[in-house]
Q: 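Take this structure first; my questions come after.
Counting convention: from 1, in listed order, for ligands and their atoms alike. Please read these numbers as outputs of a predicted model, since none were measured by experiment.
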Amino acid sequence: MPVRAGQATRLWIRDPLAILAEDAGGGLVVEGTRIAERVPAGAAPSAPVDETFEAGRHVVIPGLVNTHHHFFQTLTRAHPRAINKPLFPWLRALYGVWDRITPEAFRLASRLAYTELLLSGCTTAGDHHYLFPKGLEDAVDVEVEEARAIGIRAVVTRGSMSLSDRDGGLPPACLTQDDDAILADSERVLNLFHDPRPGAMVQVGLAPCSPFNVTKRLMRESARLAETHDCRLHTHLGETLDEDAYCLALFGQRPVDYLEEVGWLGPRTWLAHGIHFNDDEVRRLGAAGVGICHCPTSNMTLASGRCRTCDLERAGSPVGLGVDGSASNDSSNLMEGVRHALMINRLTYGAEAVTHLDALRWASEGSARCLGRGDIGRIADGFEADLALFTLDELRFSGAHDPLAALVLCGAHRADRVMVAGTWRVVDGHPVGLDAMRLREEHGRLALSLFGGA
Ligand code: ZN
C-alpha cells in the first residue's frame, strides 16, 4: 500500500515470537518516530498499515539504554599495564598512557563504541567523557557528530578533571583543566547540542569525574549550570572503599555527605556504580531520587563490590545499567551487562528475588529514568520507536523454552535488528551504512600503534 501524502509510514512489526510489552502479542505499529499502538494477540491494527515486518523469528524488547561508558577506553582494552588491578592502581597505570590519545583515535573510538552498543541492542548511548588533552578540546562535538552519523540516540556528558596530583587529586596535571575553562566549555556544548525536549536524539549532561579528581567549586558551579540549562548531572560515586578512605582523609566526610554539601543530592543527578553506601545513605539517596547506574561487569572485573540495587530501588532511586569504560569491562555489550546484572544480584539477593525481567527492566526503563527520560525505555503507545529484535537461531539457544528468559540466561549478545526513532539501524546483524570490519581494522591498528608497548 502506498504511503499517503503528508502522513508518516505505518509499519506493523507483526506477531513476534515474544515481546516485552503488555497486550502486544500481535506486535506493534510504528508511525514516524513513535510507537502508534500495540496489537493484542490474534488482532489486527486499528487502522491500515503501509508495511509489515513478519517477526515470527524475533524476540522484541525495548531498545536498551546505556547510562555509563568512556568511549576512549576502547583504545586500551586488556592493556598489560592495567589488567589484574583494583580501581586506584588501575587508574594510575592508565593515566600514564591516556595522554597519548589523538583526535583521529578518539573519533574512531567513539564510532566503535556506538556501533558495539547498537549491535548489542542499545538504542540510547550515554558516554562520560573526561579527557581533554591538547588537540582534543572538541571531544563532545566529535561524539555528537558520530552519533548523528550512526543514527543512535546519545546522551553525551561533558566530563572533567580539575584536581591533579599536585593538589591532592589522583590524575597528573597534564590531564586536568582549569575550572573556568571547563565551565565555559560546558556552557558552549550545552548551548550547541542539548535538546531537553521529548524525542531528543542528542542530550548533553555535566559530569565532573569523581570526588578524587575535581574541586568542590566545579561540582557546585556545574549544579547551577544544570539548573539553568535543564540538563542532568552525572559523576562516579561510591565505587570503591579506597574512595571512602580518600574522601575521609581529604574532606573529612563520606562520599554521600560530600555529594549533599556540593548541592547534588537531587533528582537531576545519576551516579555511576553506587556500591559502598550504608543503610542511612541508601535511604537519603532514595528519598532524594538520585539515580544509580549499576555497572556489573566493571564492578566484577575490578572487584569493586556489589551494588545494593534492590535496596536502592525500594528506597526510591531509579536503577539503570551501564557497561562502563572499555578498559574495565573490556567490552561495550549491554546485553552481556544484563546477564551479568542478573548473576551478581542473585548472589546478593537470592535466585528468587532477581529475575531476567528485573535485569531487562534496569537496562531499559530504569536507565531511561536515570536519564530523566519518559519517552524511551518501554514498548508503549506514544513512546519513541526504539526497539531491539533478537533471533534464537544460534546454538546457544537451542532447546530454550521461554524466549525472553532465554535472551538473558543463554547469553544473547548480538541483535538481528535494531530500530532507533522508527528507523532500522541494524539489519541482519549488521550496522546499516557502516563497514564494521574496516572499522575494526582501522581502530585496532591505531590503538596498537598509539598505546602499544609499555
Ligand atoms: Zn566510569
Q: Around the Zn ion (ligand 1), list the protein N/O/S atoms within a radius below 2.8 Å, excluding water molecules.
A: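 Near the Zn ion (ligand 1), below 2.8 Å, one finds His68 NE2, His70 NE2, His236 NE2, Asp324 OD1.
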Q: Out of curiosity, His69 NE2 to His129 NE2, how far, rounded to the nearest 0.5 Å?
A: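 These two atoms lie 13.0 Å from each other.
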Q: Count the heavy atoms of every other residue, nucleotide or ligand shown that sit under 6.0 Å from CZ of Arg34, and state whether that count exceeds 12.
A: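 Not more than 12 within 6.0 Å, no.
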Q: At what distance, to the nearest 0.5 angstrom, does OH of Tyr246 lie from CZ of Phe251?
A: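 If we round to the nearest 0.5 Å, Tyr246:OH and Phe251:CZ are 5.0 Å apart.
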Q: Strictly distance-based, threshold 3.5 Å: is any side-chain N or O of Ser317 a donor or acceptor partner for the main-chain N or O of Gly291?
A: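 No, because the side chain of Ser317 does not come within donor-acceptor range (under 3.5 Å) of the backbone of Gly291.
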Q: Classify the ring geometry between Phe72 and His70 as parallel (under 30°), tilted (30 to 60°) or perpendicular (over 60°).
A: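 It falls in the tilted class, 30° to 60°.
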Q: Check whether more than 12 heavy atoms from other residues, nucleotides or ligands sit under 6.0 Å from atom CZ of Arg440, and answer yes or no.
A: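 Result for CZ/Arg440: open.
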